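Below is one structure, written out as structure tokens; the observations come after it.
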Amino acid sequence: MTGSRPTRSPLDSLRPDAFGADPAGERMARIRRSPNFEGGVFVNPEGARRTPSGSMLKFLPTYFRKEERLRRAPAHAVPVHPTTVADLAVPAASGLRLTWMGHSSVLAEIDGARVLFDPVWSERCSPFAHLGPRRLHPVPVPLAETGPLDAVVISHDHYDHLDMPTVRALARTGTAFVVPLGVGAHLEHWGVPADRVTELDWHESTEVAGLTLTATPARHFCGRALRNTQHTLWASWVVAGPEHRVFHSGDTGYFPGFAGIGAQYGPFDATMVQIGAYSEFWPDIHMTPEEGMRAHTDLQGGDAAPGVMLPIHWGTFNLAPHPWEEPAEGTLAAGRRAGARVVAPRPGQPFEPAVGLPLEPWWRAVAAPAAGDGERPAEEPETAEVLLQA
């Protein structure tokens, strides 16, 4: 959908390009017609605080306490899988193959089509080149070597999910972008032609390369600039082909609507579920591993066994106070209790859900030791503003 650009003021020249653009014109008119837009903002399916609960004076000491900072990043190099362009060029024998590139970036090959979710290839998830959360492992595969893409799907406009340099690189490939309402304003501002952008409200669908892509509800928030107008939607995604279907959670807090998504669009051969960057300071907008497993179970109609659960939104950026490896360990434990098939690949390691993946807790060899078991140099601090947009 084409949206007209807002009128620029003299102050706009001081606005970093990475902030993107605000919806305007026809795009904003459509946003106002959305049933999920109330009181001038997009609203959640269930109430959620957009910023951490409690006092920031309590949060900051927790985040910057030295002993805990040491454990929020790996102590040794993360073992990135040496995937090559030749590996990705061989069709998936089962018709479905997933490659977790780190954080929430996943390449999904579904019934002959290829979809890239939330691609972030930059060194930092930040509007600034030298400030903000930095990668804890290299990008597994150069962007140009991921192969031809049929669609790029974005869950929402936070920096660790919508990366301007990555979008600009993908804009030159001619691929289609499928995004929630309002996010197209950012893409067009960065040079993506309007006719290659499809914006969807919750429960709206589009067809790309034989796949049906559907935006589904999530419990989160949006915003890239200092003044967050909440005029861009956030979403989870269902992608269904003739033989396979997958779910990508984007960022979300737990809410009962997962059961409804599963009943309407499931069951799924694979769910990609956010289980990292959680905290008691923002319990409504990110899930813990236990909540992520509960979401997976809901999506599968109450039975966690069918399909596989791929944990995402962990391991790549330091965005929360918990230890780096805790999301993976917590998900394995929750999966054992639920009887779920959890896959935990190294970044860049392709796998086919029908075949499965040997469960190797690779992160244990590189995680930082607990307090008293040895120390290492501390990571550089990140700004709270960028952290709270994760």
Side-chain angles (χ1 to χ4, degrees), residues 34-37 42-48 96 98 104 106 108 110-111 115 117-118 151 153-156 161 178-181 183 198-208 211-222 232-275 278 284-313 331 334-335 338-343 353:
S34 169
N36 305 302
F37 193 76
F42 279 113
V43 295
N44 272 297
E46 181 174 306
L96 176 62
L98 303 178
S104 295
V106 182
I110 309 170
D111 298 335
V115 176
F117 291 96
D118 285 357
V153 174
I154 305 296
S155 63
H156 64 297
H161 298 260
V178 184
V179 301
L181 283 183
V183 174
T198 299
E199 298 181 69
L200 301 178
D201 205 342
W202 291 340
H203 299 295
E204 291 182 344
S205 300
T206 190
E207 303 288 327
V208 178
L211 302 179
T212 301
L213 290 75
T214 304
T216 46
R219 191 185 187 202
H220 200 56
F221 69 112
C222 66
T232 64
L233 188 59
W234 47 95
S236 57
W237 289 91
V238 171
V239 179
E243 302 294 334
H244 298 90
R245 62 184 60 216
V246 300
F247 173 86
H248 188 286
S249 72
D251 274 4
T252 180
Y254 178 81
F255 69 109
F258 288 117
I261 294 171
Q264 186 169 354
Y265 303 105
F268 301 98
D269 297 283
T271 66
M272 297 162 267
V273 181
Q274 173 264 309
I275 49 80
Y278 49 84
D284 303 328
I285 57 174
H286 282 174
M287 293 188 290
T288 64
E290 293 76 14
E291 290 170 328
M293 185 55 61
R294 185 178 174 190
H296 166 79
T297 303
D298 290 350
L299 289 161
Q300 301 290 46
D303 182 358
V308 300
M309 192 268 218
L310 170 64
I312 61 172
H313 203 265
T331 302
R341 293 173 58 210
V342 175
V343 290

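Just so it is clear, the structure is predicted and the values come from calculations on it, not from any experiment.
Judged by distance alone, the side chain of Gln274 and the main-chain N or O of His313 form no donor-acceptor pair under 3.5 Å. Side-chain atoms of His248 come within 3.5 Å of backbone N or O of Ser104 as a donor-acceptor pair. Side-chain atoms of Asp269 come within 3.5 Å of backbone atoms of Arg245 as a donor-acceptor pair (strictly under, hydrogens ignored). No donor-acceptor pair closer than 3.5 Å links the side chain of Thr232 to the backbone N or O of Cys222. The backbone N or O of Asn44 lies less than 3.5 Å from no partner atom in the side chain of Asn36, so there is not a single donor-acceptor pair. A donor-acceptor distance shorter than 3.5 angstrom exists from the side chain of Ser236 to the backbone of Pro217, with no hydrogens or angles considered.
For the atom pair OG1 (Thr331) and CE (Met287), the distance works out to 9.5 Å, reported to the nearest 0.5 Å. Atom CD of residue Glu291 and atom CD1 of residue Ile275 lie 12.0 Å apart, to the nearest 0.5 angstrom. Note that the CE atom of Met309 and the CG atom of Leu299 stand 9.5 Å from one another [nearest 0.5 Å].
Closest approach of Asp303 and Pro306 over heavy atoms only: O-CD, 3.1 Å. In terms of heavy atoms, Phe117 sits closest to Val239 at CZ-CG2, 3.7 Å. Residues Ile285 and Phe221 come closest through the heavy atom pair CD1-CE2, 3.4 Å. When all heavy atoms of Val106 and Met272 are compared, the closest pair comes out as CG1-SD, 3.6 Å. Between Ala304 and Ala338 the shortest heavy-atom distance is CB-O, 3.6 Å. Contact between Thr214 and Ser205 at its shortest, heavy atoms only, is OG1-OG, 2.6 Å.
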Full working for side chain to side chain donor-acceptor pair (under 3.5 Å) between His286 and Asp251: CA-CA 6 Å; His286 282 174; Asp251 274 4; 3.2 Å; yes

Derivation and outcome, side-chain contact (heavy atoms from CB on, under 4.5 Å), residues Asp201 and Leu233: CA-CA 8 Å; Asp201 205 342; Leu233 188 59; 3.4 Å; yes

side-chain contact (heavy atoms from CB on, under 4.5 Å) between Ile154 and Asp118, worked out: CA-CA 5 Å; Ile154 305 296; Asp118 285 357; 4.1 Å; yes

Step-by-step side chain to side chain donor-acceptor pair (under 3.5 Å) determination, Tyr265 to His203: CA-CA 10 Å; Tyr265 303 105; His203 299 295; 2.8 Å; yes

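Checked against Val115 for a side-chain contact (heavy atoms from CB on, under 4.5 Å), the options Val208, Val246, Leu211 give a single hit: Leu211.
Between Val179 and Thr198 there is no side-chain heavy-atom pair separated by less than 4.5 Å. Counting heavy atoms from C-beta on, the side chains of Leu98 and Leu96 come closer than 4.5 Å. Side-chain contact between Trp237 and Ser249 is absent, with no heavy-atom pair separated by less than 4.5 Å. Using a 4.5 Å cut-off on side-chain heavy atoms (C-beta onward), Val342 and Met293 make contact. Residues Leu181 and Leu200 form no side-chain contact, since every pair of their non-hydrogen atoms from C-beta on lies 4.5 Å or further apart.
Between the side chains of Thr271 and His296, at least one donor N or O sits under 3.5 Å from an acceptor N or O. Asp111 and His244 share a donor-acceptor pair across their side chains, judged by distance under 3.5 Å alone.
Between Phe42 and Phe37, the ring-plane angle classifies as perpendicular under the 30° and 60° cut-offs.
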Taking only distance into account, with no hydrogens and no angle test, what donor-acceptor pairs under 3.5 Å do side-chain atoms of residues 252-262 form with protein atoms, sequence neighbours excluded?
{"residue": "Thr252", "atom": "OG1", "partner": "Arg219", "partner atom": "N", "Å": "2.9"}
{"residue": "Tyr254", "atom": "OH", "partner": "Arg294", "partner atom": "NE", "Å": "3.1"}
{"residue": "Tyr254", "atom": "OH", "partner": "Asp298", "partner atom": "OD2", "Å": "2.4"}

